[in-house]
Amino acid sequence: MPTDYELRRQENIARNMKLLEGLMGKHKQEEESRIKQTKPVGHNNVPKKKKRIYTPKKHVELSSEDEIMGSRPAKRARSESPQPGLRRSLRQAGKIPPNHQAQSQTQLLSLVTAKAGVDHDREPNRRSGKRVHNPKTFGHIPGIPVGTWWESREDCSNDAIHAPWVAGISGSLEGAYSVALSGGYEDDVDMGDYFTFTGSGGRALKGTKANPKNLRTAPQSSDQSFENPFNKALKISSETRKPVRVIRGYKLPSPYAPLEGYKYDGLYIVDKNGLNDGGFLVCKFAFRRIPGQPPLRRTSAGKPDDNNGSDVDSDMTGV
DNA sequence: GGGCCCGCAGGG
DNA sequence: CCCTGCGGGCCC
């Protein structure tokens, strides 16, 4: 017997998925008509795609009150895992027995060669390196290729891909520089090249009586809004169409999430934003991956490499 | 597993 | 200085 909470969650997931599929179809059509224009019928020798350059669209009308954006259920039990099989234990990174490597070699990729020599006994809270690039820039960071893997957010921050250690959004009034997908919102949908993302705010930090607010995260307890500087940054990005760096974390319940740690999945565009009123207000965003980047890989579900990341995974339900 | 502590980055 | 933020570690 599904609970009320579960029903709403499923509804929202379906809605978000439909949104993403709509965007996919739209982009596919655009692509097809673009090819048709440059390639007359019956003419096969025309060079395929030339180098795909990302050209920002002049202007795209925004709907700030987009009803297709899914709402998030008001009450959310943090420990309640929709798909326990896909969830990694929060504190087990680095403690996973070696036999997990037997699951697949490909899923760990070259990324984990970096992990091979990781010293798990390193001092806690020690800065592991000095940052040489400014994370408050748009686009790629020199020397950090798509697919780069880190054990922790701290390491990722030192590489200037995503500066904050805890927060999921990094940005300013110029727009968002980067976001982290860590599975903090259970109705977000991840299809790889497309995903939905929930803004920040509305979480009353809790703590003990002696040390109030000494916990860094908390369940949703009030409304979000675009006045929140992070949400505002994402909204601005949807207008400017500037690229946003995306990292996926091991806690994200998605076949594109790494099994451990965090990985850099390249540049995305914030394609759509909306504010949904359901329970608490939440800011929702739809991201689209910029074409022409190294393909994403599936990790935790399906056959690794069975999909280069460009196709629609209409059968994907594991979100 | 949960409870609670803590540091850091960023912005005010 | 203050506060927040989809971390990480340690203890039970």
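Quick note on labels: first sequence line is chain A, next is B, and so on, each numbered from 1. Scope of the values below: all heavy atoms of this structure, side chains included, with no hydrogens, waters or symmetry mates.
Between C:dC6, C:dG7, C:dG8, one nucleotide has an atom nearer to the side chain of A:Tyr250 than all others, and that is C:dG8. When distances run from any side-chain atom of A:Arg131 to the nucleotides C:dG8, B:dG11, B:dG10, the shortest one goes to B:dG10. Closest to the A:Ala163 side chain, of the nucleotides C:dG8, B:dG11, B:dA9, is B:dA9. If you check B:dC4, B:dA9, B:dG11 against the side chain of A:Leu215, the one that comes closest is B:dC4.
Note: NE2 (A:His162) to C1' (B:dC8) measures 13 Å, nearest angstrom. Atom CH2 in A:Trp165 sits roughly 12 Å away from atom C1' in C:dG9 (whole-Å rounding). Rounded to an integer number of Å, the gap from CD1 of A:Ile247 to P of B:dA9 is 15 Å. If you take CD1 of A:Ile169 and P of C:dT4, they are 17 Å apart, rounded to a whole angstrom. Atom CG in A:Asn158 sits roughly 17 Å away from atom P in B:dG7 (whole-Å rounding). Note: CZ (A:Phe195) to P (C:dC6) measures 15 Å, nearest angstrom. Regarding A:Glu260, its CD atom lies at a distance of 16 Å from the P atom of C:dG7, rounded to whole Å. In this structure, A:Asp190 places its CG atom 18 Å from P of C:dC6, rounding to the nearest Å.
At a threshold of 4.5 Å between non-hydrogen side-chain atoms, the residues A:Phe226 and A:Asn273 count as touching. Looking only at side-chain heavy atoms (C-beta outward), A:Asp193 and A:Leu296 come within less than 4.5 Å of each other.
Between the side chain of A:Arg216 and the base of C:dG5, at least one donor-acceptor pair of N or O atoms lies under 3.5 Å.
On the P atoms, C:dC1 is 16 Å away from B:dC6, given to the nearest whole Å. Comparing the same atom, C1', in B:dG12 and in C:dC6 gives a spacing of 23 Å after rounding to whole Å.
Taking only side-chain nitrogens and oxygens, A:Lys251 never comes nearer than 4.0 Å to OP1 or OP2 of C:dG8. Distances shorter than 4.0 Å separate none of the side-chain N or O atoms of A:Ser157 from OP1 or OP2 on B:dC8.
The pairing partner recorded for C:dC3 is B:dG10, the criterion being a Watson-Crick or G-U wobble arrangement whose two distances lie under 3.5 angstrom.
Ion pairing between A:Arg15 and A:Glu11 holds under the 4.0 Å rule for side-chain N and carboxylate O.
Ring planes of A:Tyr264 and A:Trp150: tilted class, angle from 30 to 60°.
Backbone-only contact: A:Tyr262 has heavy atoms under 4.0 Å from sugar-phosphate atoms and none from a base. Within 4.0 Å (heavy atoms only), A:Gly199 reaches no atom of the nucleic acid at all.
Both A:Arg153 and A:Phe230 lie close to DNA chain C; mapped to their nearest nucleotides by heavy-atom distance, the more 5′-ward contact belongs to A:Phe230. Annotation: of the two residues near DNA chain B, A:Val166 and A:Pro135, the 5′-most nearest-nucleotide partner is A:Val166.
A distance of 8.0 Å separates CD in A:Gln224 from CZ in A:Arg203, rounded to the nearest 0.5 Å.
Taken together through direct or relayed side-chain contacts under 4.5 Å among Ile, Leu, Val, Met, Phe, Trp and Tyr, A:Phe138 and A:Phe285 form parts of separate hydrophobic clusters.
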